[in-house]
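Contents: one structure, followed by commentary.
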Amino acid sequence: MPGTTSPNTPTPVIAYAFGPFRLDLVLRRLVRNGNPIPLPSLTFDILKTLVENRGELVTKEQLFKQVWPGRFVEENNLTVRMSELRKVLRDSTETRFIETVPGSGYRFVAKVKEIIEDHGEQGAAFRSLAVLPLINENNHQQLEYVCEGITESLITSLSHVANLRVMSRSTVFRYNRRDVDPRTVGEELRVEIVLVGKVNQENNHLGFDLEMIDARSGWHLWGGKYRRRVSDLVTLPDEIVRQVVPNLQLALTATAEKQLSSTYPANSKAYELYLKGRYFLNKRALEWSQKAIRFFRRAIEQDPRYALAFVGLADCYLSIAGFEVRPVRELVPKAKAAVLQALKIDSNLAAAHLTHARIMSTCEFNWDGAEREFRLAIQLDPFHGEAHQHYAIFLSKLGQHDDAVKEINKAFSLDPLSIGLQLAKAKVYYFARKPAMTVKICRELLEIEPGYGAAIGVIGFAYLEMGRVAEAIEQFKSAVDHLPLEASETRTAGTRSLDRCSDPEAFGCLGYAYGIAGERSKALEVLDEMLEVRKTRYIQPQNVAIVYIGLGEYDSAFEWLDRAFVDKCGPLTYFKVWPFIDRLRTDPRYEKLIARLGLPQ
């Protein structure tokens with residue numbers, strides 16, 4: 001029938017892509033990084049013949065027959081055309097496309113992607129990519145911050161490319177120091193392209209060897225080698241991204257170009273200091289966050305208009321607040337000032353809007369402002385899994401559980417192996433009063449990350465909701481024993497150390513569970529320990545209030561909740577939906593607290 005194609009008819013190839021090139025068979029032209037390259041017709045036919053027979057020897061006789069059919073041509077003509085073609089392709093020992101087989105002919109050796117006729121050129125573009133952590137080939141400790149920092153910079157820069165989903169740092173760093181098959185990574189992360197690379201120390205220079213691989217076929221699609229001094233690293237991610245993007249059959253929009261150019265500082269020293277700051281912040285420990293602050297400040301001294309350094313500084317203060325060593329009210333103003341400065345420098349920085357939204361929703365109780373900032377962050381970077389994750393938690397706090405579930409599932413589809421995202425997903429279902437699903441998600445998470453104290457604790461929450469109090473107590477005890485300690489402290493199995501624990505909330509939950517189980521003496525034991533430790537270190541007041549709620553001593557509970565409000569403690573923002581608080585909901589003081597928090601009744 002007219003307009004139909006037989007099922008057995010092969011789909012026509014309209015172009016071939018290799019390296020930074022695209023050989024367009026319809027327009028009969030060669031394009032490099034989006035720019036057409038003049039190519040004589042006969043030279044085009046030679047290249048087309050070699051590419052169509054890639055990996056195979058194409059003899060000189062075959063080329064004469066294909067390109068000059070029925071004509072006598074001297075061999076020198078072919079030699080001249082091949083020389084011309086090599087210059088156009090910039091063929092060299094580092095970037096090899098055509099191999100000469102002496103006395104016989106030529107072989108096209110680069111990997112080639114066929115572009116078929118499928119609703120225009122967009123259908124041929126790659127839409128998802130994972131940048132695996134660069135491998136420290138020399139295993140030099142002093143290069144770790146370079147490997148991690150350049151990897152993170154590439155992730156950040158590529159996330160600016162329209163219609164490209166780039167896996168987050170938290171997900172890809174699960175593959176750090178692991179020898180993995182890119183095809184396995186592609187299957188696990190549901191991405192089409194995997195960018196891999198390694199870093200070598202070469203005297204006073206660093207050598208970077210990168211390769212872009214089709215995760216479905218394992219084919220090499222692009223490769224690049226770079227040599228840089230540490231002092232010259234600032235331009236490297238930009239250069240790599242500009243070579244990678246055309247090989248994805250995508251293009252940098254004007255907006256992406258602007259974002260890319262504003263991502264990196266003009267000062268190389270500032271970039272080096274920023275990389276060190278991110279390296280220490282990503283260790284997620286109190287002492288390292290404090291060290292990261294010093295590097296971000298020094299980066300800002302080198303370049304006062306380095307927006308990402310201000311975002312890093314703000315994130316450090318939020319990280320330290322989470323360790324409960326100082327009242328949040330002392331740290332938030334510093335985080336706020338840093339992120340506002342970042343936004344003043346670059347109002348299109350998604351990371352800055354996300355950090356601002358977190359401050360507003362967690363510490364300032366500014367729900368309308370947080371909603372605006374979350375939406376802006378997602379608008380600027382639609383594939384930012386962490387932005388969707390935090391927005392889902394925000395919706396949970398407001399009691400918009402159906403929307404929260406949709407948002408967290410959207411985040412999960414973007415970043416399926418992120419540990420933090422899976423924990424957030426479990427919390428969303430917990431606050432939606434779906435404890436069985438909460439337990440299921442946490443069990444799956446513990447298969448990936450055994451002994452993860454936070455996930456163990458969330459199972460405890462779910463068990464309490466299900467009325468399985470004795471099992472909840474065991475979960476909270478296990479969570480306490482699995483929580484990391486600050487600095488270099490160690491513990492023996494089965495012991496607790498509240499004075500150095502990184503998350504005192506787990507102790508409060510254990511005391512609460514003892515209280516509602518009728519084990520009053522054990523609940524009081526936990527309470528006494530918390531009050532004693534508070535004499536020497538800061539513990540957020542709501543953790544003490546939780547124990548009093550379990551004991552049924554509501555006057556004392558509200559007294560400590562008032563202190564938590566003054567201290568701007570983030571966990572208060574969950575009190576509208578937290579099942580722990582059900583016992584207080586009929587008390588008029590509860591409604592007043594919710595009103596003070598600005599939460600809808």
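Index from 1, following the sequence. Worth knowing before you read on, the calculation uses all heavy atoms, side chains too, and leaves out hydrogens, waters and symmetry mates. Just so it is clear, the model here is predicted, and its values are computed rather than measured.
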Query raised in the report: Is it true that Tyr274 and Tyr279 have ring centroids separated by less than 6.0 Å?
Result: no
Query - Cationic tip of Lys434 above Tyr429 ring, under 6.0 Å, 45° of axis - result: no
Report summary line: With sequence neighbours left out, the residues meeting side chain to side chain contact (heavy atoms under 4.5 Å, CB included) with Phe383 are Arg165, Asp381, Leu414
**Report entry** Residues Glu192 and Arg216 bridged, charged N to O under 4.0 Å
**Finding:** yes
Query raised in the report: Any donor-acceptor pair under 3.5 Å linking the side chain of His140 with the backbone of Leu143?
Result: no
Query raised in the report: Are any side-chain N or O atoms of Asn409 and backbone N or O atoms of Val405, one a donor and one an acceptor, separated by less than 3.5 Å?
Result: yes
Query raised in the report: With sequence neighbours excluded, what pairs up with Lys111 under the salt bridge (Lys or Arg N to Asp or Glu O under 4.0 Å) test?
Result: none
Report task. Kindly state whether the ring of Phe21 and the ring of Phe97 have centres lying under 6.0 angstrom apart. Result -> yes
Query raised in the report: Could you walk me through whether Tyr175 and Glu188 pass the side-chain hydrogen bond (donor to acceptor under 3.5 Å, both in side chains) check?
Result: CA-CA 11 Å; Tyr175 298 98; Glu188 291 179 350; 2.5 Å; yes
Report task. Please indicate whether Glu444 has more than 12 foreign heavy atoms, meaning atoms of other residues, nucleotides or ligands, lying under 6.0 Å from its CD. Result -> yes
Report summary line: Sequence neighbours excluded, the answer for side chain to side chain contact (heavy atoms under 4.5 Å, CB included) partners of Glu52 is Tyr16, Lys48
**Report entry** Among Trp288, Tyr306, Phe280, the one residue meeting ring-ring contact (aromatic ring centres under 6.0 Å, His included) with Phe295
**Finding:** Phe280
**Report entry** Steps toward side-chain hydrogen bond (donor to acceptor under 3.5 Å, both in side chains) verdict (Tyr317, Ser289)
**Finding:** CA-CA 8 Å; Tyr317 289 123; Ser289 295; over 6 Å; no
**Report entry** Main-chain N/O of Ser153 paired with Ser157 side-chain donor or acceptor, under 3.5 Å
**Finding:** yes
**Report entry** Check: Ser418 and Ser170 side chains under 4.5 Å, non-hydrogen atoms
**Finding:** yes
**Report entry** Backbone N/O of Glu202 and side chain of Asn200: donor-acceptor pair under 3.5 Å
**Finding:** no
Query raised in the report: Yes or no on side-chain hydrogen bond (donor to acceptor under 3.5 Å, both in side chains) for Glu148 and Asn282, after CA distance, side-chain angles and deciding distance?
Result: CA-CA 10 Å; Glu148 292 194 15; Asn282 287 329; 4.9 Å; no
Query - Parallel, tilted or perpendicular: ring planes of Phe108 versus Phe18, cut at 30 and 60 degrees - result: perpendicular
Query - Short side-chain to backbone donor-acceptor contact, Arg54 and Val51, under 3.5 Å - result: yes
Query raised in the report: What do you reckon, are the aromatic ring centroids of Tyr226 and Phe208 less than 6.0 Å apart?
Result: no
Query raised in the report: Just wondering, more than 12 heavy atoms not from Lys276 lying within 6.0 Å of its NZ?
Result: yes
